[in-house]
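Read through the structure below, which is laid out as structure tokens, and then see the notes.
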Amino acid sequence: MDKKIYFDNAATTKVRPEVYQEILPYLDEMYANPSSVYTIARDSKKAIDKAREQVANAINATTREIYFTSGGTESDNWAIKGVADAYKNKGKHIITSSIEHHAVLHTCEYLEKQGFKVTYLPVDKYGLINLEDLKSAITDETILVSIMFANNEIGTIEPIKEIGKITREKGIIFHTDAVQAIGHVPIDVKDMNIDLLSMSGHKIYGPKGTGALYVRKGVRITQFIHGGAQEFNRRGGTENVCGIVGLGKAIELATSEMEEENKRLLELRQTIIDGILNTVPYTHLNGHPEQRLSNNVNITFDFIEGESILLMLDFKGIEASSGSACTSGSLDPSHVLLALGLPHEKAHGSVRITLGRYNTKEEAEFLLKELPPIIERLRNMSPLWEDFLKSNK
Amino acid sequence: MDKKIYFDNAATTKVRPEVYQEILPYLDEMYANPSSVYTIARDSKKAIDKAREQVANAINATTREIYFTSGGTESDNWAIKGVADAYKNKGKHIITSSIEHHAVLHTCEYLEKQGFKVTYLPVDKYGLINLEDLKSAITDETILVSIMFANNEIGTIEPIKEIGKITREKGIIFHTDAVQAIGHVPIDVKDMNIDLLSMSGHKIYGPKGTGALYVRKGVRITQFIHGGAQEFNRRGGTENVCGIVGLGKAIELATSEMEEENKRLLELRQTIIDGILNTVPYTHLNGHPEQRLSNNVNITFDFIEGESILLMLDFKGIEASSGSACTSGSLDPSHVLLALGLPHEKAHGSVRITLGRYNTKEEAEFLLKELPPIIERLRNMSPLWEDFLKSNK
Amino acid sequence: MEYSEKVMDHFMHPRNVGEIEDASGVGTVGNAKCGDIMKVYLKIEDGIIQDAKFKTFGCGAAVATSSMATELIKGRTIEEALKLTNKAVMEALDGLPKVKVHCSVLAEEALRAALWDYAKTNNIKIEGLEPPKEDDDLDHHDLFDEE
Amino acid sequence: MEYSEKVMDHFMHPRNVGEIEDASGVGTVGNAKCGDIMKVYLKIEDGIIQDAKFKTFGCGAAVATSSMATELIKGRTIEEALKLTNKAVMEALDGLPKVKVHCSVLAEEALRAALWDYAKTNNIKIEGLEPPKEDDDLDHHDLFDEE
Ligand SMILES: Cc1ncc(COP(=O)(O)O)c(C=O)c1O
Ligand SMILES: Cc1ncc(COP(=O)(O)O)c(C=O)c1O
């Protein structure tokens with residue numbers, strides 16, 4: 001294959017042509033500031049109104065409950081810090097999970113320094129939180145539960161509706177980071193009793209640097225970015241009109257095509273998972289076998305390290321990511337894989353393959369052909385493999 | 001004139017073709033997440049590195065001191081809240097001016113609720129702060145001075161270098177909101193002793209939803225958006241690559257063309273100011289006559305209200321803005337004009353005309369032809385004008 | 001800001017702008033702080049509003065509501081004019097943006113102030129008419145600021 | 001991650017991968033927690049390193065530095081090998097990304113651990129050679145986290 005094969009759709013996605021086309025005018029002639037009074041500014045304002053409707057419809061919210069942000073990370077920060085500040089007189093305890101995205105975890109760690117108490121719920125070997133753990137973690141001081149909808153590394157989908165039931169009964173605010181779930185799992189904030197929900201554009205073929213936060217009417221939240229009267233007076237800053245338009249279109253398309261696309265992805269996903277587990281020895285699937293995102297494959301290759309695998313895949317034109325943290329500055333492997341109970345060397349040896357709308361069966365087959373010799377080659381270089389073979393003799 | 005005449009370049013600007021062209025690939029094929037390890041991700045990373053260099057060069061900073069944000073508003077929020085938190089053990093007093101943008105003012109008001117003390121320095125009738133006022137406002141508790149480089153409504157340029165001299169001598173951090181100054185006034189953060197500086201892309205023909213914050217090496221600042229390891233571990237969130245590339249290009253062009261463009265704008269600005277003041281009676285220039293941005297015209301038309309003027313101008317295809325706050329929800333007119341000492345009715349009757357690279361002499365002449373009859377018509381409708389005429393009889 | 005076509009029409013071509021020299025009643029409401037001042041002149045004969053004129057300092061909606069309100073009461077009896085609500089003015093204009101609702105309130109009040117002036121001058125009592133408020137400044141503030 | 005061409009060459013085509021059956025000294029450093037384990041085999045005769053081989057569990061830089069380090073000391077005397085610093089390995093590879101500098105340190109340490117093993121087995125003392133650290137885990141952490 002000459003072409004690159006992009007298997008890292010959980011990291012980011014290519015803007016799809018329909019979104020690209022919708023965006024372009026707002027980078028060009030339709031540049032007016034939506035807050036202005038003159039005629040052409042109305043087009044910008046209408047474009048934002050339309051996008052807000054598209055986002056609201058995707059999760060069964062009302063437009064007045066949708067706020068645009070600069071991305072999933074800002075949405076997470078705002079949701080957690082904003083609720084913590086607004087309800088701090090009621091209590092200072094927050095519950096989250098140990099496998100959240102850093103946008104949630106580092107925000108919680110920051111709040112700990114500000115005097116909040118945070119419980120990080122453990123997960124089982126599939127990455128699921130335990131509802132009984134959640135119930136018993138709740139105290140009179142608990143103001144917020146933040147549990148992600150679906151995990152970005154292992155694809156495990158958490159029992160969101162059940163969590164919503166518990167939190168609503170106890171009168172506790174429930175935030176969920178749905179950055180990876182949007183477009184893959186049906187979401188109904190009313191039915192699921194979700195109070196706040198974070199979204200991002202660039203995981204669903206929208207532009208980078210765009211996001212949204214759903215805040216249920218009635219939930220108090222302290223402003224995060226102070227400034228002009230944009231976003232119903234709740235989030236200052238001249239609107240990223242082009243980004244907002246792109247997010248709206250992307251989310252509309254993603255939800256309307258979800259069912260069909262999920263079918264296709266599920267098949268592709270299973271081909272890859274089965275293909276690897278059946279042909280390469282000493283491999284394990286990370287995450288839940290069924291309760292998982294239709295586009296997520298995460299596999300540990302024993303005895304070898306993830307970045308090495310990625311580099312060799314890259315050499316073959318295949319782009320994926322790993323649970324090894326070689327690039328992030330810290331030397332610890334993925335906190336998610338460690339939370340599943342994986343020992344360090346197994347966490348370091350994991351590879352994530354995330355599928356998207358441009359991936360084909362041919363690409364999956366190419367991967368399954370190229371992967372085994374790479375694994376073999378790296379194992380032959382590995383002192384752990386050597387030790388293992390010797391100890392088995 | 002059939003074409004619209006856009007005279008609201010301080011509100012936002014059209015993305016210029018050079019920037020547009022530079023951006024497009026990053027909305028399309030060059031979509032990789034800059035944090036990824038594979039080959040194509042390097043292009044995204046390099047694009048960001050290049051933009052960081054362009055921004056750093058524009059203000060004589062180093063690349064390690066430049067952080068990309070989602071806009072001028074986020075930069076202002078981060079600078080002020082981040083420094084306030086990092087230095088709160090040293091003191092809890094902040095000094096700013098009464099004519100700052102809401103991104104600064106509302107952030108300061110928020111900090112007041114969190115227990116900080118804020119001094120809002122008054123300005124003279126031209127909008128200049130007084131350096132003696134600043135000096136005497138400084139106490140042992142003062143940790144931060146935030147004074148804007150140039151005002152967005154009246155164009156007045158503050159004595160930044162002199163402020164920097166005072167704050168550096170006293171060992172106090174100095175932040176300046178340079179969103180309107182960039183590309184119009186030469187900026188050298190070293191020479192001017194600036195510790196933090198906010199920038200925005202969409203005022204200089206770059207995309208909306210992009211900004212940057214300069215933080216001098218050695219200045220402590222608490223993180224504002226927690227998450228991934230992006231931006232040297234200081235600002236989480238997948239990078240808005242296309243926006244960052246656009247901001248970099250825009251700022252490079254704006255600074256390299258500044259001298260020449262300023263000459264052209266100054267002439268245009270003076271044509272308009274003189275043209276209005278000389279032909280329409282009972283008009284006044286707001287802001288400093290010389291120490292002002294080359295693109296800013298702000299004039300009060302006595303006895304009439306700003307939005308009415310804008311609507312009639314809009315009818316003629318001319319787009320401008322006003323100091324009347326009819327659109328913003330609050331009924332108070334511009335806090336900037338009130339801070340100059342203007343009574344409410346004069347503040348309500350002001351119009352801002354801000355020029356840009358696409359404005360021509362012909363457009364200025366068209367404005368000067370269309371404006372006087374509009375003013376006359378509105379005055380004939382005004383009870384204040386009636387009272388004035390009667391009292392003068 | 002999004003004005004209906006009707007609002008724009010009444011703003012660009014306001015009906016009844018001007019003064020009535022020998023007005024039966026004149027009322028001024030609003031203040032410069034709010035950015036809106038409306039002055040209404042009425043010519044009343046035999047309990048019927050023969051003519052109405054206005055002067056307005058204010059935004060597009062202020063002009064349009066003045067224009068529409070004066071238009072709606074011309075030829076009407078005092079009783080009918082008293083029944084004119086700000087809602088009726090708004091509806092006649094095909095609606096107003098939320099932040100401009102206060103302009104229609106002002107138009108209603110200007111009319112009533114002029115009627116009050118007429119009643120006072122002629123020493124008659126009009127059933128259901130209250131004296132105009134001295135300064136209705138606070139009434140209109142922060143209509144938009146929810147929560 | 002941006003590796004030089006040299007690094008990529010030594011990663012994709014590592015020199016000296018393997019074991020030496022009758023090695024004079026073997027050294028293993030690093031641990032799985034850090035994500036890097038290097039094992040170096042040396043064949044030493046008459047104070048000269050006749051052969052060097054390695055096995056590495058680790059990232060691209062770990063493999064490349066192992067490859068380069070073994071390449072650089074083959075045919076050298078023990079004294080010369082002792083002078084090999086992580087900086088020299090990095091320079092020979094045209095540099096390493098900042099977050100990967102620790103890999104070159106590991107390569108240097110693996111070499112020294114193998115030499116130490118040789119010295120211990122043969123009961124000789126090598127001037128300037130320190131015993132390998134038991135667990136150098138903490139040394140390499142958070143190299144990147146400034147301030
Ligand atoms: C689960 C999850 N939350 C939050 C984020 C952050 O979103 P963004 O990159 O838009 O800031 C991501 C992706 O990076 C994610 O996968
Ligand atoms: C002086 C000033 N500061 C801050 C801002 C906010 O910048 P942005 O619109 O990029 O958030 C603006 C413009 O809106 C401005 O004029």
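Values reported hereafter were calculated over all heavy atoms of this structure, with side chains retained and with hydrogens, waters and symmetry mates removed. Sequence lines set the chain letters: A, B, ... in the order given, protein chains first and strands last, and positions in each chain run from 1.
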Quick one: of B/N240, B/I40, B/N77, B/I244, who has the most non-hydrogen atom pairs under 4.5 Å with chain A? B/N77

Do other residues, nucleotides or ligands put more than 12 heavy atoms under 6.0 Å from the OH atom of A/Y120? yes

For A/L24, is it the side chain, the backbone, both, or neither that has a heavy atom closer than 4.5 Å to a heavy atom of chain B? both

Which bit of B/I225 is near chain A, if near means a heavy-atom gap under 4.5 Å: side chain, backbone, both or neither? both

Counting only non-hydrogen atoms closer than 4.5 Å, does B/A32 touch chain A with its backbone (N, CA, C, O), its side chain (CB onward), both, or neither? backbone

Comparing B/G71, B/S70, B/G246 against chain A, the one with the most heavy-atom pairs below 4.5 Å turns out to be B/S70

Contact class of B/L313 relative to chain A, heavy atoms under 4.5 angstrom: neither

Of the listed B/T39, B/L310, B/V19, the one with the largest count of heavy-atom pairs under 4.5 Å with chain A is B/T39

What part of B/N33 lies closer than 4.5 angstrom to a heavy atom of chain A: side chain, backbone, both or neither? both

Let me know if B/Y26 has heavy atoms under 4.5 Å from chain A in its side chain, its backbone, both or neither. neither

Out of A/V104, A/V241, A/D28, return the one with the most heavy atom pairs under 4.5 angstrom to chain B. A/D28

Max heavy-atom pairs within cutoff under 4.5 Å with chain B, candidates A/C242, A/G227, A/S321, goes to A/G227

If one checks every heavy atom of B/S200 against chain A at 4.5 Å, the contacting part turns out to be neither

Quick one: what part of B/R16 sits under 4.5 Å from any heavy atom of chain A, side chain, backbone, both or neither? neither

For A/T13 and A/Y205 the tightest heavy-atom approach is OG1-N, 2.7 Å

Of all heavy-atom pairs between A/S146 and A/H175, which one has the smallest distance, and what is that distance? OG-ND1, 2.9 Å

With a 4.5 angstrom heavy-atom cut-off, which part of B/Q114 approaches chain A: side chain, backbone, both or neither? side chain

Portion of A/L27 that has a non-hydrogen atom of chain B nearer than 4.5 angstrom: both

Sort B/D76 into side chain, backbone, both or neither according to what part of it lies under 4.5 angstrom from a heavy atom of chain A. neither

CA sep, side-chain torsions, deciding dist, call: B/Y38, A/K4, side chain to side chain contact (heavy atoms under 4.5 Å, CB included): CA-CA 11 Å; B/Y38 31 79; A/K4 296 274 180 193; over 6 Å; no

Can you name the nearest heavy-atom pair linking A/E100 to A/M148, along with the distance? OE2-N, 2.8 Å

Let me know if A/T222 has heavy atoms under 4.5 Å from chain B in its side chain, its backbone, both or neither. side chain

Side chains of B/R234 and B/Y67: any donor to acceptor distance under 3.5 Å? yes

On a heavy-atom basis, the closest approach of B/E239 and B/P34 is OE1-CG, 3.4 Å

Considering all heavy atoms, the nearest B/V83-B/I221 contact: N-CG1, 4.0 Å

Closest heavy-atom pair and its distance - B/S198, B/L213: OG-CD1, 3.9 Å

Need one label for A/F224: side chain, backbone, both or neither, based on atoms under 4.5 Å from any heavy atom in chain B. both

Stacked cation flag B/R220 on B/Y87, 6.0 angstrom / 45 deg: yes

Could you walk me through whether B/S36 and A/D8 pass side chain to side chain contact (heavy atoms under 4.5 Å, CB included), step by step? CA-CA 9 Å; B/S36 300; A/D8 202 12; 3.5 Å; yes

Quick one: CG on A/N152 to CD on A/Q180, what's the gap to the nearest 0.5 Å? 5.0 Å

Max heavy-atom pairs within cutoff under 4.5 Å with chain B, candidates A/Q230, A/Q223, A/K81, goes to A/K81

